[in-house]
Participant: 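If you scroll down you'll find the structure; I have some questions about it.
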Amino acid sequence: MELPRRNRGDELLKPGELLSLRRRLRSIASRHDLATVIACAFDHRTRMLPFIYADTRMAPAGVRAIGSAMFDVGFQKTRIVLQQWNRNFRPSQTRLDGRIPDIFMVSSMQIHSAECRALIRDACRIDPVHRPLIIAGGPRTIYEPWDVFSDDPNDPWGADAAVTGEEYVLLSLLEVLLSIRANDESLRTTFMRVRNSGILDEIPGLVYARTDREGVAEELVDTGIQRLLGDLDELPHPVLGYQLLEPPSRKVMLGSQPLPASRIRRYSPIASLVLTLGCKFACPYCPIPAYNQRQYRVKSGQRIADEMTRLYKEYGVRGFFGADDNFFNDRERTLDILETLARQRVDGSDLRHKFRWGTEVTVHDILQMKEHLRKARQAGIRALWIGVEDMTATLIRKGQSVDKTSEAFRRLQECGICPMPMMMHHDTQPLYTFGKPYGLINQVRLLRKVGATSLQVLMITPATGSKLYEETFTSGMTYESAGGRRVEPYMFDANYVVASKHAKPGRKQLNIMAAYLYFYNPLRFLIALVRPKSKLYLADAGMQLIGMWGLTQTIRRTFGWALRLMSGDIQRKTEVPASRIPMRGVDGTTASHALPGTPQAELVQMNVKSPGESHKHSEESGVDAWPAQK
Ligand code: B12
Ligand code: SF4
C-alpha cells in the first residue's frame with residue numbers, strides 16, 4: 001500500500017511555516033534545559049556490496065537533520081550516535097552532561113529495525129520515573145510506525161511517539177509539549193499528561209499509544225499524513241548537525257565531547273546533502289513518489305553552494321552526495337541549481353576545482369538534459385548513479401532501452417562524469433542470453449563497455465510503502481524461511497533473494513554474485529590502471545578495489561543463503577506484516593499508516609482540554625492518570 005495523499009492543494013506547508021516554528025521555539029528554548037541523544041540504528045549484518053563504503057563513511061543525513069533542527073532552535077545539548085561507528089552504545093547507560101537525557105530519539109531504516117527495537121528496549125530499562133521521552137522516526141517509522149510499540153503485557157517496551165514525518169512534525173510536537181510543561185517536570189511526564197487529551201491530534205505525522213499501562217500499547221492513534229516542506233531552503237543548515245556527532249568508540253557510554261571539527265572529514269569524507277526530494281515516475285515497487293505526495297521539492301542553487309562551502313570551511317569536507325530521488329527530475333529547476341554552482345567561486349577557484357559530488361538520476365532524464373551535461377560537470381558533478389534497472393525495460397519502463405542507456409553513458413563519459421548503473425535482477429531475467437541483451441551478464445558487459453565505473457545489482461524485493469508491497473505477500477511470493485533459516489528484517493536489503501516465484505531461487509542469488517564477480521575482479525583492476533574508464537585519476541581502479549572488498553563480504557554473507565535456497569525447503573508468507581495493535585485515525589477513521597489486516601480501534605470520546613487548561617488541572621484530571629511504575 002502506498003501512503004495516502006493529503007487533499008489536493010493541502011500537501012505542503014505554507015511558505016515560511018517552518019521558519020516561524022523555528023523562531024517560536026527559539027524564543028522559549030532558553031527556559032528548558034533539554035539534553036537529547038539521537039541514535040542512528042544500524043545492523044552490521046548489512047555490510048556488503050554495493051554500499052560497503054558509503055554505509056559507514058557518510059554520516060547519515062536523517063539524524064544530522066534532526067540534530068541540526070534541535071541545535072538550531074536552541075537545544076545545544078544534543079548528541080548524535082551512529083551505530084555504524086558505535087556498536088556497543090547502550091541508551092540505558094547514557095549520560096549527557098552528567099545526566100540521563102530528557103529525550104532519546106532513534107532513527108531507522110526498515111532493514112535496521114532489529115537494532116532499532118533493541119535500542120528502544122534498552123532505553124526502556126531506565127526506571128520509568130527517570131526515563132527519557134522516547135521518539136522514533138526515519139524511513140522505517142514513516143511506513144511501519146506500529147513496529148516501535150509493544151502490545152504484550154509480559155514484554156512491555158516501546159517508544160512514546162513515532163514520527164512519520166520530517167523536522168516540522170518533531171518541532172511541532174516539541175512546541176506543544178514545551179508550551180504546557182510544568183516547572184521541573186520531565187518532558188516524558190508532560191507527554192503522558194497530554195497524550196490522552198487529544199491535543200497531539202492536531203499535529204499530522206504522529207503515531208502514539210493510548211494506554212494506562214507502561215510499555216503496553218492498547219491502541220495507536222495515527223494523526224495522519226504530514227504536510228511536507230515545499231521550500232527546502234527553510235531547513236536548518238546541515239553544518240549544525242556535524243558538530244553533534246559522537247566520536248567512533250567501543251564504549252557503551254557517550255564520550256565527554258562530540259567529534260572535533262578537525263576529525264569529521266576523516267570519519268565522514270562524504271557529506272550527504274538534501275538538494276531535491278521527489279520523482280515524477282511511478283515505478284510500482286518504489287514508495288518515493290507517494291511519500292512525497294507527488295510533489296517535487298527543491299533547494300535553491302545559492303543555498304546548496306552555501307551548504308557545500310560552509311561544510312568545506314568548517315570541516316574540510318570536499319565530497320558530497322545529493323540525497324536526491326531523481327536529481328534531473330525537473331529540467332528548469334535542475335538547470336537553475338547547476339548554473340548557480342557553475343558560477344560559484346570558493347577561495348578564489350571555481351567550485352568544481354574544490355568539490356566533487358554525485359547523485360541519483362534516470363536514463364530518461366539524462367537524455368532530456370543531454371545539452372547541459374557539460375554544465376553539470378562545471379557544477380562539480382563527477383558521478384551519477386543511474387536507475388537503469390533492466391536495459392531492455394522488461395521489468396519496468398521509464399524511458400530506458402539498450403540504445404538510450406548506451407547513449408546516456410557515452411555522453412556522461414565524454415563530459416568527465418562517471419556513470420554508475422543501478423540494476424535490478426528479477427525472476428524472468430536469466431544470467432546470460434545468446435545473441436540478445438536480456439541476460440544479466442550481457443547487460444553488465446554492455447554497461448562496462450559504455451563506461452560504467454561501478455555496479456549495483458539488487459534483487460527486486462518488497463518495499464514498504466510501494467504499490468506492489470501487499471501483493472508480494474498475499475501472492476505467496478515472499479519467504480518466511482529457507483532451509484530452516486528465518487528471513488529477518490535485515491535481509492530485505494535486496495541483496496538476499498527473499499521474494500521470488502522462480503523454481504530455482506538459489507540460482508538468482510548466485511547470479512547476483514556472478515554479475516559482481518564479472519564486474520569487480522583483479523584482471524579488471526589491472527586494466528583499469530592502464531586503460532581507465534573514468535577521466536578522474538584512479539577513480540576506476542579505486543572502485544575496483546572497493547568492489548572486490550565488498551564482493552568478499554557479499555559472498556561471505558549470502559553464499560550460505562544461496563545454499564539454503566537450493567535445499568528446496570522454502571516456507572512462504574501469506575499475510576501482510578500489519579500492526580497487531582488496533583489503530584485509528586484521530587476522528588475514528590482508518591489510520592493512514594494502517595496496512596490491510598490491522599485491527600480498527602474504536603473512538604472513545606475524551607474530555608479534550610486546551611493546553612492551558614490541561615496544564616492547570618493536570619493534578620486532578622483523569623487524562624493524565626499515568627502510573628509512574630509498571
Ligand atoms: C543516500 C541514501 C542511501 C545511502 C546512505 C548513506 C548514508 N550513510 O547516509 C546508501 C547508498 C548507502 C543507501 C543504501 C541503502 N538504501 Co538508501 N537511500 C538514500 C536516500 C537516497 C537518501 C537518504 C537521505 O540522506 N535522505 C535525507 C534525509 C534527511 O532524510 P531521512 O533520512 O528520511 O530523514 C528525514 C525523515 O525520515 C525524518 N527522520 C529521520 N530520522 C528521524 C528520527 C527521528 C527521531 C525523527 C523524529 C525524524 C526522523 O526526518 C529527517 C529529516 O527530514 C534515500 C531516499 C531519500 N530521498 O531519502 C534512500 C533510502 C533511505 N534507502 C533505502 C534503502 C532501502 C536502501 C538499501 C537497503 C538499498 C536498497 N534496497 O535500496 C541500502 C541499505 C544500506 C545499509 N546497509 O544501510 C530506502 C529505505 C526504505 C525504508 N523504509 O527503510 C530509502 C528511503 C529509499 C526508498 N526506497 O524509499 N541509501
Ligand atoms: S525512477 Fe527511481 S525514484 Fe522514481 S519512482 Fe522509479 S525507482 Fe522510484
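Note that ligands are numbered from 1 as they come in the structure, with each ligand's atoms numbered from 1 the same way.
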Participant: Applying a strict 4.0 Å limit to heavy atoms, is N326 in contact with ligand 2?
Facilitator: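 No, that is not the case, since the closest heavy atom of the residue is not under 4.0 Å from the ligand.
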Participant: May I ask you to check whether D233 and S300 show a side-chain donor-acceptor distance below 3.5 Å?
Facilitator: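 Note: D233 and S300 side chains meet the donor-acceptor criterion.
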Participant: Which option, S107, G322, P139, owns the non-hydrogen atom nearest atom 80 (C) of ligand 1?
Facilitator: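 Considering heavy atoms of S107, G322, P139, the nearest to atom 80 (C) of ligand 1 sits in P139.
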Participant: If the cut-off is 4.0 Å to any non-hydrogen atom of M58, which atoms of ligand 1 fall inside it?
Facilitator: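 Matching atoms, with element in brackets: 6 (C), 7 (C), 8 (N), 9 (O).
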Participant: Could you check atom 46 (C) of ligand 1 against the protein and tell me its nearest heavy-atom contact, residue, atom and distance included?
Facilitator: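 Residue, atom and distance for the closest contact: G137 CA, 3.7 Å.
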Participant: I'd like to know if E17 and R227 make a salt bridge, using a cut-off of under 4.0 Å between side-chain N and carboxylate O.
Facilitator: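 So E17 does not pair with R227 through a salt bridge.
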Participant: May I ask which of T56, I288, I270 has a heavy atom nearer to atom 88 (C) of ligand 1 than the others do?
Facilitator: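 Closest candidate by heavy-atom distance is I288.
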Participant: Would you confirm whether the ring centroid of Y53 sits within less than 6.0 angstrom of the ring centroid of W549?
Facilitator: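 No, the ring of W549 stays outside the 6.0 Å limit from the ring of Y53, centre to centre.
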Participant: Show me which atoms of ligand 1 lie under 4.0 Å from any heavy atom of I142.
Facilitator: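 In order of numbering, the contacting atoms are 37 (O).
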Participant: Within the structure provided, determine whether W146 and E144 are in side-chain contact (heavy-atom separation under 4.5 Å).
Facilitator: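 A side-chain contact under 4.5 Å exists here.
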Participant: Of all the non-hydrogen atoms in the protein, which one sits nearest to atom 40 (C) of ligand 1, and at what distance?
Facilitator: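 Nearest neighbour among protein heavy atoms for atom 40 (C) of ligand 1, to 0.1 Å: G138 CA, 3.3 Å.
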Participant: Near A65, which atoms of ligand 1 are under 4.0 Å from a heavy atom of that residue?
Facilitator: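 Under 4.0 Å from A65, ligand 1 has these atoms: 52 (C).
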Participant: Does the E11 side chain pair with the main chain of Q293, one donor and one acceptor, at a distance under 3.5 Å?
Facilitator: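 Pair absent, no side-chain N/O of E11 close to backbone of Q293.
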Participant: Which atoms of ligand 2 have any heavy atom of T362 under 4.0 Å away?
Facilitator: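 Those of ligand 2 that fall under 4.0 Å from T362 are 1 (S).
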Participant: Can you tell me which residue and heavy atom of the protein come closest to atom 72 (O) of ligand 1, and the distance to 0.1 Å?
Facilitator: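 It is L458 CD1, 4.2 Å.
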Participant: Among Y143, Y168, F51, which one puts a heavy atom closest to atom 69 (C) of ligand 1?
Facilitator: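 Heavy atom nearest to atom 69 (C) of ligand 1 belongs to F51.
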Participant: Against heavy atoms of V274, which atoms of ligand 1 measure under 4.0 Å?
Facilitator: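 Once the distances to V274 are compared, the set is 27 (C), 29 (C).
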Participant: Which atoms from ligand 1 have a heavy atom of Q110 less than 4.0 Å away?
Facilitator: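 Counting from 1, the qualifying ligand atoms are 82 (C), 83 (N), 84 (O).
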Participant: Compare M105, E167, H44 and give the one whose heavy atom is closest to atom 53 (O) of ligand 1.
Facilitator: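 The option holding the nearest heavy atom is E167.
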Participant: Quick check on contacts: which atoms of ligand 1 are under 4.0 angstrom from a heavy atom of A494?
Facilitator: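 That gives atoms 71 (N) of ligand 1.
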Participant: I'd like to know if the side chain of R90 reaches the main chain of D122, judged simply by a donor and an acceptor atom lying under 3.5 Å from each other, with no hydrogens or angles considered.
Facilitator: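 Answer holds: no.
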Participant: Going by heavy atoms, is F321 under 4.0 Å from ligand 1?
Facilitator: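 Right, F321 reaches ligand 1.
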Participant: State the atoms of ligand 1, each with its element, that fall below the 4.0 Å cut-off from a heavy-atom position in V163.
Facilitator: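 Atoms satisfying the 4.0 Å criterion: 47 (C).
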Participant: Identify the closest protein heavy atom to atom 22 (C) of ligand 1: which residue and atom is it, and at what distance?
Facilitator: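 Atom 22 (C) of ligand 1 sits closest to the protein heavy atom A323 CB, 3.6 Å.
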Participant: What part of D43, side chain from CB on, backbone N/CA/C/O, both or neither, has a heavy atom under 4.0 Å from ligand 1?
Facilitator: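 No part of D43 comes within reach of ligand 1.
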Participant: Mind checking whether V163 and L206 have side chains closer than 4.5 Å, heavy atoms only?
Facilitator: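 With C-beta onward as the side chain, the pair touches.
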Participant: Could you tell me whether R87 atom CZ has more than 12 heavy atoms of other residues or ligands within 6.0 Å of it?
Facilitator: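 Incorrect, the count does not exceed 12.
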Participant: For ligand 1, is there an atom lying under 4.0 Å from some heavy atom of P287?
Facilitator: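 Yes.
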Participant: If we only count heavy atoms from C-beta on, is the P284 to I396 side-chain gap below 4.5 Å?
Facilitator: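 Side chain of P284 against side chain of I396, heavy atoms only: contact under 4.5 Å found.
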Participant: Under a 4.0 angstrom heavy-atom cut-off, which atoms of ligand 1 come close to P60?
Facilitator: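 Going through ligand 1 atom by atom, the ones under 4.0 Å from P60 are 8 (N), 9 (O).
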Participant: Tell me which protein heavy atom sits closest to atom 25 (O) of ligand 1, plus the residue, atom name and distance to 0.1 Å.
Facilitator: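 It is A61 CB, 3.3 Å.
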Participant: Tell me the nearest of R45, M109, E360, R47 to atom 66 (C) of ligand 1, using heavy-atom distances.
Facilitator: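 Considering heavy atoms of R45, M109, E360, R47, the nearest to atom 66 (C) of ligand 1 sits in M109.
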Participant: Using heavy-atom distances, let me know which of I460, T36, D325 sits nearest atom 56 (C) of ligand 1.
Facilitator: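 The option holding the nearest heavy atom is D325.
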Participant: Looking at ligand 1, does G165 have a heavy atom less than 4.0 Å from it?
Facilitator: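 Heavy atoms of G165 do come under 4.0 Å of ligand 1.
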Participant: Can a side-chain donor-acceptor contact be found between D201 and Y208 if the only test is distance below 3.5 angstrom?
Facilitator: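 Present: a donor and an acceptor within the cut-off.
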Participant: In the protein, what heavy atom is nearest to atom 68 (C) of ligand 1, and what distance, to one decimal place, separates them?
Facilitator: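 Protein heavy atom at minimum distance: I111 CD1, 3.8 Å.
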Participant: Is atom 8 (Fe) of ligand 2 less than 2.8 Å from an N/O/S atom of C286, whether that atom is in the backbone or a side chain?
Facilitator: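 Yes, since at least one N, O or S atom of C286 sits under 2.8 Å from atom 8 (Fe) of ligand 2.
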Participant: Would you find a donor on one side and an acceptor on the other, under 3.5 Å apart, between the side chain of Q295 and the backbone of N292?
Facilitator: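 Flag not set: sc Q295 to bb N292 has no pair under 3.5 Å.
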Participant: Which protein non-hydrogen atom lies closest to atom 30 (O) of ligand 1, naming both residue and atom, and how far is it?
Facilitator: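 Answer for atom 30 (O) of ligand 1: G62 CA, 4.4 Å.
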Participant: Strictly below 4.0 Å, N to O, side chains only: are D365 and K280 in salt-bridge contact?
Facilitator: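 Salt bridge flag = yes for K280 with D365.
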Participant: I need the atoms of ligand 2 closer than 4.0 Å to a non-hydrogen atom of C279, numbered in the order shown.
Facilitator: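 Here the atoms of ligand 2 in question are 1 (S), 3 (S), 4 (Fe), 5 (S).
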Participant: Nearest protein heavy atom to atom 77 (N) of ligand 1, by residue and atom, and its distance?
Facilitator: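 Atom 77 (N) of ligand 1 sits closest to the protein heavy atom T46 OG1, 2.9 Å.
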Participant: Do Q443 and D390 get their side chains close enough for a donor-acceptor pair, meaning under 3.5 Å?
Facilitator: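 Note: Q443 and D390 side chains meet the donor-acceptor criterion.
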Participant: Please classify the K398 to ligand 2 contact at 4.0 Å (heavy-atom distances, strictly less than): side chain, backbone, both or neither.
Facilitator: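 Contact part for K398 vs ligand 2: side chain (C-beta onward).
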Participant: Strictly distance-based, threshold 3.5 Å: is any side-chain N or O of K404 a donor or acceptor partner for the main-chain N or O of V363?
Facilitator: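 Judged by distance alone, no pair lies under 3.5 Å.
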Participant: Answer side chain, backbone, both or neither: which part of C283 comes under 4.0 Å from ligand 2, heavy atoms only.
Facilitator: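 The part of C283 near ligand 2 is both the backbone and the side chain.
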Participant: Does the pair D427/K508 count as a salt bridge with the N-to-O cut at 4.0 Å?
Facilitator: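 Looking at K508 together with D427, the answer is no, because their closest N to O distance does not fall below 4.0 Å.
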Participant: Have S272 and R64 got a donor and an acceptor in their side chains that come within less than 3.5 Å?
Facilitator: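 A donor-acceptor contact under 3.5 Å links the two side chains.
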Participant: Looking at P289, which atoms of ligand 2 are within less than 4.0 Å of one of its heavy atoms?
Facilitator: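 Near P289, meaning under 4.0 Å from one of its heavy atoms, ligand 2 has 5 (S).
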Participant: Who gets closest to atom 50 (O) of ligand 1 by heavy atom: I66, L275, L206, T461?
Facilitator: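 It is I66 that holds the nearest heavy atom.
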Participant: For G205, does its backbone N or O pair with a side-chain atom of T164 as donor and acceptor, under 3.5 Å?
Facilitator: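 Such a contact is found between T164 side chain and G205 backbone.
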Participant: Below 3.5 angstrom, do we get any N/O pair linking D493 and ligand 1?
Facilitator: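 Among all N and O atoms of D493, at least one is under 3.5 Å from an N or O of ligand 1.
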Participant: Does Y291 come within less than 4.0 angstrom of ligand 1, counting non-hydrogen atoms of the residue?
Facilitator: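 It does not, in that no heavy atom of Y291 comes within the 4.0 Å cut-off of ligand 1.
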Participant: Check R294 with E2, please: is the shortest side-chain N to carboxylate O separation under 4.0 Å?
Facilitator: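 A salt bridge is present here (some side-chain N lies under 4.0 Å from a carboxylate O).
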Participant: Report the part of Q84 (side chain from C-beta onward, or backbone N, CA, C, O) that has a heavy atom under 4.0 Å from ligand 1; answer both or neither where that applies.
Facilitator: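 No part of Q84 is near ligand 1 at this cut-off.
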Participant: Is the backbone of T56 close enough, under 3.5 Å, to the side chain of W85 for a donor and an acceptor to pair up by distance?
Facilitator: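 Looks like yes, one N/O pair under 3.5 Å.
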Participant: Within less than 4.0 angstrom of ligand 1, does V63 place any heavy atom?
Facilitator: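 No.
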Participant: For E144, state whether at least one heavy atom is located under 4.0 Å from any atom of ligand 1.
Facilitator: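 The answer is no: ligand 1 sits nowhere under 4.0 Å from a heavy atom of E144.
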Participant: At the 4.0 Å heavy-atom cut-off, does G387 count as touching ligand 2?
Facilitator: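 The answer is no: ligand 2 sits nowhere under 4.0 Å from a heavy atom of G387.
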Participant: Indicate whether the side chain of T46 and that of D43 have a donor and an acceptor atom separated by less than 3.5 Å.
Facilitator: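 No.
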